[in-house]
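Notes for the one structure printed next.
In what follows, every chain begins at residue 1, and chains take the letters A, B, ... in the order their sequences are listed. Any value given below was found using the heavy atoms of this structure, including those in side chains, with hydrogens, waters and symmetry copies removed.
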Number of protein chains: 2
Amino acid sequence: MTDPTRVLIIDDHPLFRRGLSQLLELARSFALVGEAASGQEGIELARRLDPDLILLDLNMTGMSGVETLSTLRDLGIESRIILVTVSNAPEDLVAAIRAGADGYILKDNEPDEMLALIDAAMHGRTAISPELTSLLATALREERIVEQRSQVALTERETAILKYLAAGMSNKLIARELDIMEGTVKVHIRNLLKKLKFRSRVEAAVWAVANGLS
Amino acid sequence: MTDPTRVLIIDDHPLFRRGLSQLLELARSFALVGEAASGQEGIELARRLDPDLILLDLNMTGMSGVETLSTLRDLGIESRIILVTVSNAPEDLVAAIRAGADGYILKDNEPDEMLALIDAAMHGRTAISPELTSLLATALREERIVEQRSQVALTERETAILKYLAAGMSNKLIARELDIMEGTVKVHIRNLLKKLKFRSRVEAAVWAVANGLS
DNA sequence: ACATAACTACCCATTAAGGGGTAGATCGCC
DNA sequence: GGCGATCTACCCCTTAATGGGTAGTTATGT
C-alpha cells in the first residue's frame, strides 16, 4: 500500500473539521497532518507542511475561501485543493475553479460521494459535486451570449474603425488613417457603441482585443 | 400519466438508431416520432415534427452534429437537444454547449445513466455525462487570465487600477470600486501611463488585455 | 532622525470623447 | 421614382480624460 495522503483541513467551524477528520479516518488512506481555523493560519500551515491535499471551507469569516485559495496558489502551493461549501451559487463555483481549485464539494453530500470525489481529485481530475455540473455549463453558455455581440451587424466602416480602436488609436489618428474628418470618426464610433451596447471606447477596445479582433 | 415525450433521432448509423429507439421503448415514457440519417434530413424532420427532444449524433459524415445543432437553433427550433457521441474531446463538448446543446452524452454510458441524463435534460437541466464534468472545468480554467507581472515597476495600486482599466472601466467607476476620490484615480492613471509610455488609457487597456492582465 | 516611496487629495488648465441633431451624396432594391 | 442604408460632414453641448502643480499622511529603510 502506498503512503497515506497527507491532508490539511482549513475551516473555521470546529465541528465540521471534526466531521471531516472522522470521515477521512474511516477511509484509512488519509493522514490528517494539520487543522486550521482561518485562512491565514491555513496558509501558514500549508507552507510548513506542504500537504498532498487541502480541504478548504469557502465560507469563512475574515479571509474567504477563494481569497485563501488564490493566495495559496500565488505562493506556489501545489497541493490538490478542494473547496468544501454549502453554497451552490454559480459565481462561487466559477470563481473557485478560476482561482485554481481542483474540486468543489457540497457539505451535504453523502460521505461515500465525498470520498469518491476526493479520490477523483487526487487522481488529477477536477472533482465537482454532480449537482453543480449544470452550473458550469450555464457559466459557459453565458459567455456564448456575450459572443452574440459578434453577431450584431456592424457596417464595413464600423468594423474597420473598431479594429483601429482595438489598436488603441484616438479619433484623430483614426481619421488621419482613413482620410476622413475626425467628426465622422466620432459618428461611426457613436453608432458602433450603440449597436454593441458599450458605454465607452475602452469597453469596446477591450472586448475587441479579447475576442481577437486585433 | 403525462403525454409521452416526442423524440427525433438524428444519426447516420442505423444500428445505433435502432439501439437508441429500443432504449427509449424500454422507458415507456417516450414516443419516437422520427428518424433521420443525416443533418439535412434531421433539420427537415425537426421543422415538420417539432419534437420535444432531439437526440443528435455528433460524428456524422457531411453535416456535423454541431453544425446541425447550430442550424436548428438558428431556425428557432426549441426542442431539447442532446448530443450523443463517442468523443470526449473538450473542444467538442465546449462547442456543443456554446451552440446551445441541452446535454452531451457518451454513447458508451450505461442505458440507465443515459435515461437519467435524458430525463434531467427534459427537466430543464443541462445533462452531461459525469466523466465529462472535469473537461468543462478545464475549459473554464483555461480562460482564467493569469496575471503576468510585467518587468516595469508599477506600484500595487497602479497594477490594481490597470486591471480595472483592462475591464473597460471609467475613472469614476474605478474610484467607486476602490473607494477613493476620482481625482486620485486620475493621478494613478497618469503615473502608470507615464511609466508604461502609453498615450491614452485605451492603449494601456488594449495592451493589458493582450498581455493577459485581468 | 531623515529620506524615500507610495497613496491620498486637491488646484489649475487643455484636449478627447460622448450624445444629440440635421443633411447631402451614393448605392442597391422594390 | 421612391425607400432605406451607408458614409460623409457639420452643428450643438456635456462629460471624461489628460497633464501640470502642491501637499499631507503613512510606512519603510538608512
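- For R199(B), the side chain to side chain donor-acceptor pair (under 3.5 Å) criterion is met by E203(B), not counting sequence neighbours.
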Scan nucleotides 24-29 of chain C against the protein and return all N/O pairs shorter than 3.5 Å with their distances rounded to 0.1 Å.
none

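- Atom pair L154(A):CG and dC7(D):C1' shows a separation of 15 Å (rounding to whole Å applied).
- Among residues two or more places apart in sequence or in another chain, the side chain to side chain donor-acceptor pair (under 3.5 Å) test is passed with R157(A) by none.
- If one axis is set at each end of the helix from dA1(C)-dT30(D) to dC30(C)-dG1(D) from five pairs, those axes are 40° apart, to 10°.
- To the nearest angstrom, P of dT26(D) lies 16 Å from CZ of R157(B).
- The side-chain contact (heavy atoms from CB on, under 4.5 Å) check on A27(A) picks up F30(A), L115(A), with sequence neighbours excluded.
- For Y164(A), the ring pair (Phe, Tyr, Trp, His ring centres under 6.0 Å) test picks out no residue, with sequence neighbours left out.
- Applying the salt bridge (Lys or Arg N to Asp or Glu O under 4.0 Å) definition to pairs two or more places apart or across chains, none involves residues 58-72 of chain A.
- The distance from atom CG of L178(B) to atom P of dT8(C) is 8 Å, rounded to the nearest whole Å.
- For S200(B), there are no side chain to side chain donor-acceptor pair (under 3.5 Å) partners at least two apart in sequence or on another chain.
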Check: protein-nucleotides 13-20 of chain D nitrogen or oxygen pairs below 3.5 Å:
| from | atom 1 | to | atom 2 | distance (Å) |
| --- | --- | --- | --- | --- |
| dA16(D) | OP1 | K172(B) | NZ | 3.2 |
| dA16(D) | OP2 | K172(B) | NZ | 3.2 |
| dA17(D) | OP2 | N171(B) | N | 3.3 |
| dA17(D) | N7 | K186(B) | NZ | 3.4 |
| dT18(D) | OP1 | R201(B) | N | 2.5 |
| dT18(D) | OP2 | R201(B) | NH1 | 2.9 |
| dT18(D) | O4 | K186(B) | NZ | 3.3 |
| dG20(D) | N7 | R190(B) | NH1 | 2.9 |
| dG20(D) | O6 | R190(B) | NH1 | 3.1 |

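- For the pair E203(B) CD and dA16(C) C1', the interatomic distance rounds to 13 Å; values are reported in whole Å.
- Contact annotation: T155(A) side-chain N/O to dA5(D) OP1/OP2 distance is not under 4.0 Å.
- Of the side-chain N and O atoms in H188(A), none sit less than 4.0 angstrom from OP1 or OP2 of dT6(D).
- Taken to the nearest 0.5 Å, the CD1 atom of I54(A) stands 5.0 Å off from the CG atom of L8(A).
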Please tabulate, for the side chains in residues 166-189 of chain A, all donor-acceptor contacts under 3.5 angstrom to protein atoms that are two or more places apart in sequence or on a different chain.
| from | atom 1 | to | atom 2 | distance (Å) |
| --- | --- | --- | --- | --- |
| S170(A) | OG | L173(A) | N | 3.3 |
| N171(A) | OD1 | R201(A) | NH1 | 3.0 |
| N171(A) | OD1 | R201(A) | NH2 | 3.0 |

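- Atoms CG (N191(A)) and P (dG21(C)) sit 12 Å apart, rounded to a whole Å.
- D102(A) places no side-chain N or O within donor-acceptor distance of the main-chain N or O of I82(A), the cut-off being under 3.5 Å.
- Remark: N59(A) engages T85(A) in a side chain to side chain donor-acceptor pair (under 3.5 Å) (not counting sequence neighbours).
- Residue pairs meeting the salt bridge (Lys or Arg N to Asp or Glu O under 4.0 Å) criterion with at least one member in residues 49-65 of chain B, sequence neighbours excluded: D57(B)-K107(B).
- Distance CD1 (I174(A)) to P (dC7(D)): 15 Å, rounded to an integer number of Å.
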